[in-house]
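Because the structure is a prediction, the values reported are computed rather than measured. Numbers for residues simply follow the sequence, beginning at 1.
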Amino acid sequence: VQLQASGGGLVQAGGSLRLSCAVSGRTMRSLAMSWFRQAPRKEREFVAALRWNGDSAYYADSVKGRFTISRQNAENTVYLEMTTLTPEDTAVYYCAATGRVSPFNTAKYSETSYDYWGQGTQVTVSS
């Protein structure tokens, strides 16, 4: 399974970006998907996750109401729509996936629940 993240860039505070993560090697219908991010000198942190059929989404408190995770299974792509960006959102954003039901259900916020990772895409928000 390979994940290819894209869509990062430089944006002013208050602006928006949409990240994409293309999945290959396995149908995305069998995967729960998530986004994590890592800011400079900080540990990687959970951002958002979406169940296999997209019926439930989960967000970190810091992005709730501003970010939206969605998936298009037919296109094998997951998206992260980010609005009202602030400099605190500056980070490398990673998409991740897992086919394991139990780890996702019990610890979807943990990196260890995910088996597949994309290479990351840089998001920089200027003040």
(message) Please check this pair: side chain of Gln119 against backbone of Ala5, looking for a donor-acceptor N/O pair closer than 3.5 Å.
(response)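 Between the backbone of Ala5 and the side chain of Gln119 there is a qualifying donor-acceptor contact (under 3.5 Å).
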Roughly how far, to the nearest 0.5 Å, is the [atom2] atom of [Y] from the [atom1] atom of [X]?
{"X": "Glu88", "Y": "Ser127", "atom1": "CD", "atom2": "OG", "result": "9.0 Å"}
{"X": "Phe67", "Y": "Ser16", "atom1": "CZ", "atom2": "OG", "result": "9.5 Å"}
{"X": "Thr90", "Y": "Arg37", "atom1": "OG1", "atom2": "CZ", "result": "9.0 Å"}
{"X": "Arg100", "Y": "Asp115", "atom1": "CZ", "atom2": "CG", "result": "4.0 Å"}
{"X": "Gln38", "Y": "Glu45", "atom1": "CD", "atom2": "CD", "result": "9.5 Å"}
{"X": "Thr68", "Y": "Arg18", "atom1": "OG1", "atom2": "CZ", "result": "11.5 Å"}

Contact list for [range], test salt bridge (Lys or Arg N to Asp or Glu O under 4.0 Å), sequence neighbours left out:
{"range": "residues 6-15", "value": "none"}
{"range": "residues 65-86", "value": "Arg66-Asp89"}
{"range": "residues 5-15", "value": "none"}

(message) Just to verify, what does Ser56 make a side-chain hydrogen bond (donor to acceptor under 3.5 Å, both in side chains) with, not counting sequence neighbours?
(response)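 So Ser56 forms no side-chain hydrogen bond (donor to acceptor under 3.5 Å, both in side chains) with any residue.
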(message) Applying side-chain hydrogen bond (donor to acceptor under 3.5 Å, both in side chains), can you list everything that pairs with Gln122, at least two apart in sequence or on another chain?
(response)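 Expected list: Thr124.
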(request) Kindly indicate whether the side chain of Val23, heavy atoms from C-beta on, has any atom under 4.5 Å from the side chain of Tyr116. (result)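 Side chain of Val23 against side chain of Tyr116, heavy atoms only: no contact under 4.5 Å found.
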(message) Contact between Thr98 and Ser113 at the side-chain level, heavy atoms closer than 4.5 Å - yes or no?
(response)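 In short, these two side chains do not touch, never coming nearer than 4.5 Å.
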Any idea which heavy atoms bring [X] and [Y] closest together, and the distance?
{"X": "Ser30", "Y": "Thr27", "value": "OG-O, 2.9 Å"}
{"X": "Asn105", "Y": "Arg51", "value": "OD1-NH1, 2.8 Å"}
{"X": "Leu50", "Y": "Ala57", "value": "CD1-CB, 3.7 Å"}
{"X": "Leu31", "Y": "Ala97", "value": "CD1-CB, 4.1 Å"}
{"X": "Met28", "Y": "Thr77", "value": "CE-O, 3.2 Å"}

(message) Arg29: which residues meet the salt bridge (charged side-chain N to carboxylate O under 4.0 Å, His left out) condition with it, sequence neighbours left out?
(response)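 Arg29 satisfies salt bridge (charged side-chain N to carboxylate O under 4.0 Å, His left out) with no residue once adjacent residues are dropped.
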(message) Could you list the cluster mates of Tyr79? Members are the ILVMFWY residues connected by side-chain heavy atoms closer than 4.5 Å, either directly or through other members.
(response)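 Answer for Tyr79: none, a lone residue.
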(request) If you link ILVMFWY side chains whenever their heavy atoms are less than 4.5 Å apart, which other residues fall into the same cluster as Val101? By chain and number, please. (result)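 Under the 4.5 Å side-chain rule, Val101 groups with Phe36, Phe46, Trp52, Tyr58, Val92, Tyr94, Phe104, Tyr109, Tyr114, Trp117.
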(request) Could I get the full list of side chain to side chain contact (heavy atoms under 4.5 Å, CB included) partners for Lys42, not counting sequence neighbours? (result)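 Expected list: Ala39.
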(request) Please name all residues satisfying side chain to side chain contact (heavy atoms under 4.5 Å, CB included) with Val123, sequence neighbours left out, ordered by chain then number. (result)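 So Val123 forms a side chain to side chain contact (heavy atoms under 4.5 Å, CB included) with Leu17, Leu19, Met82, Tyr93, Val125.
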(request) Mind jotting down which residue pairs meet the disulfide bond (SG atoms under 2.5 Å apart) criterion with at least one end in residues 67-126? Sequence neighbours excluded, please. (result)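 Listed once each, the pairs are Cys21-Cys95.
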(request) Any pair with a residue in residues 2-31 that passes ring pair (Phe, Tyr, Trp, His ring centres under 6.0 Å), sequence neighbours left out, goes on the list, sorted by first then second residue, please. (result)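 Sorted result for residues 2-31: empty, none.
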